[in-house]
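Worksheet for the structure shown next.
Note that these values count all heavy atoms, side chains included, but never hydrogens, waters or copies made by symmetry. Just so we're clear, the structure is a prediction, and the values are computed from it rather than from any experiment.
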2 protein chains.
Amino acid sequence: MDKTLNSSTEEKIYEAARRVFVSKGMEGARMQEIADEAGMNKALLHYYYRSKENLFKAVFKDIFTKFFRKIGTALLSEATVKEKLMLFIDEYVDLIQSNPYVPQFIINEINRDPLMLKSLMFESGIEPQKILFMFDKQANGETLKKIDPRHLVVSIIGMLVFPIVARPILQMIYFNDDQDVYNQFLTERKEIVKNMVLKIIEA
Amino acid sequence: MDKTLNSSTEEKIYEAARRVFVSKGMEGARMQEIADEAGMNKALLHYYYRSKENLFKAVFKDIFTKFFRKIGTALLSEATVKEKLMLFIDEYVDLIQSNPYVPQFIINEINRDPLMLKSLMFESGIEPQKILFMFDKQANGETLKKIDPRHLVVSIIGMLVFPIVARPILQMIYFNDDQDVYNQFLTERKEIVKNMVLKIIEA
DNA sequence: GTCTATATGGCGATAGAC
DNA sequence: GTCTATCGCCATATAGAC
């Protein structure tokens, strides 16, 4: 059952806007395209959301919040550092596999308007320091002797995000633009990154 | 001596366009801003380059080509795999430190218009497979027993690029938006990534 | 070659009929 | 609430004086 079939006009607009904004960005998106995608007239978007800026902010806030909450869950779980990291990789890979445009979208929009960050973190109730400090404390006492957890987390996310955002380039130079082979590359990558991380923290 | 002081009008336009395009992207850039940055009138840009698209392509082709050539040099050098990788990290860190906006710029523009890639690789004379195959061959016989060199290179670039492109977010949540501390974080990161890579390939 | 002034088109936003 | 028609602005691009 397609959820959008029975949804209200406002929900249809929101879903369409989400798709268009995420793939084209705030500047690249067109209100006309969102209207087409939602199967209605352009004027209706303004009737419900008054401006493109408003519509964008509604979409971006939700995406940003959900994405960061998801990151927190694995790191806040009750487990050893090693287990946490493996769980984190599992969940993060699934997250970006099913939302491949989101990481680049968030990075681009934050860089375009960095002032969004402060208000966004405040409004969304995200407390990243809580997550990171907790990770810090556990890590220091345990297996991670000489590794700064910040560097480790940055490395893991970078290893996972880069092949997604740079997909067109890598798919071209590695696999002669073969989409299926690249999907396989991404699939096997989860275990490979896990092994790399294990080597890093266990050495 | 500022090179732009004595350069021709066309060179001034090119340099200004490079700065604006790299930081704002093709869609975000404005011809007026490029003209202001070059210290001249908007009409002159069209006199020399005819269209925004033309000017952009001239800039993008150069940046793309130079960036990928630079990557190749380290991996094509005569050395062991380990030495190659360390040299590659050294050069790549320096490259993106002095061109922090370029990686995101390239990724964005390629994703916006993936068809650019084929013609670009052809025109620029880049042969990435040569580089990668060479790396493959050396790697297989040597220390990298169970590691796919493709995954390793993707991991390294991801580890290095991510803290640059996601800087506003990471600087905020890690260091309360302290710019100096984040610069230090980036500086120490070169050696940290080297150590991580060594653990990965030596385990 | 370099400027000012203007044409042209696209997009966000609004007015107003239904 | 939903549509058609249109306004007004801004950005690329061009015309034409100097």
Between Ser51(B) and dT12(D), does any side-chain N or O lie under 4.0 Å from OP1 or OP2?
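So the side-chain polar atoms of Ser51(B) never come under 4.0 Å of the phosphate oxygens OP1 or OP2 of dT12(D).
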Can you find a side chain N or O atom of His46(B) that sits less than 4.0 Å from OP1 or OP2 on dT14(D)?
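No, because none of the side-chain N or O atoms of His46(B) sits under 4.0 Å from OP1 or OP2 of dT14(D).
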Can you tell me which residue pairs pass the ring-ring contact (aromatic ring centres under 6.0 Å, His included) test with a partner in residues 19-52 of chain B, sequence neighbours excluded?
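Sorted result for residues 19-52 of chain B: Phe21(B)-Phe56(B).
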Could you check whether any side-chain heavy atom of [X] comes within less than 4.5 Å of a side-chain heavy atom of [Y], counting everything from C-beta outward?
{"X": "Lys190(B)", "Y": "Gln97(B)", "value": "no"}
{"X": "Leu170(B)", "Y": "Phe162(B)", "value": "yes"}
{"X": "Arg18(A)", "Y": "Asp62(A)", "value": "no"}
{"X": "Val165(B)", "Y": "Ile107(B)", "value": "no"}

The side chain of [X] is closest to which nucleotide in this list: [options]?
{"X": "Arg30(B)", "options": "dC3(C), dA11(D), dT2(D)", "answer": "dA11(D)"}
{"X": "Tyr47(A)", "options": "dT2(D), dT2(C), dC3(D)", "answer": "dT2(D)"}
{"X": "Leu44(B)", "options": "dA13(D), dC3(C), dC3(D)", "answer": "dC3(C)"}
{"X": "Lys52(B)", "options": "dG12(C), dT12(D), dT4(D)", "answer": "dT12(D)"}
{"X": "Met31(B)", "options": "dA15(D), dA13(C), dT12(D)", "answer": "dT12(D)"}

Separation of atom [atom1] in [X] from atom [atom2] in [N], rounded to whole Å:
{"X": "Arg50(A)", "N": "dA15(C)", "atom1": "CZ", "atom2": "C1'", "result": "17 Å"}
{"X": "Gln32(A)", "N": "dA13(C)", "atom1": "CD", "atom2": "C1'", "result": "13 Å"}
{"X": "Lys42(B)", "N": "dA13(D)", "atom1": "NZ", "atom2": "C1'", "result": "8 Å"}
{"X": "Leu45(A)", "N": "dC11(C)", "atom1": "CG", "atom2": "P", "result": "14 Å"}
{"X": "Glu33(A)", "N": "dG12(C)", "atom1": "CD", "atom2": "P", "result": "10 Å"}
{"X": "Glu11(B)", "N": "dG1(C)", "atom1": "CD", "atom2": "C1'", "result": "16 Å"}
{"X": "Lys24(B)", "N": "dA11(D)", "atom1": "NZ", "atom2": "C1'", "result": "14 Å"}
{"X": "Asn41(B)", "N": "dA17(D)", "atom1": "CG", "atom2": "C1'", "result": "13 Å"}

Would you indicate what Tyr48(B) reaches in the nucleic acid, counting non-hydrogen atoms under 4.0 angstrom: base, sugar-phosphate, or nothing?
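Tyr48(B): backbone/sugar contact only, no base atoms under 4.0 Å.
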Students often get this wrong, so: under 4.0 angstrom with heavy atoms, is Ala29(A) touching a base, only sugar-phosphate, or nothing?
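Ala29(A): backbone/sugar contact only, no base atoms under 4.0 Å.
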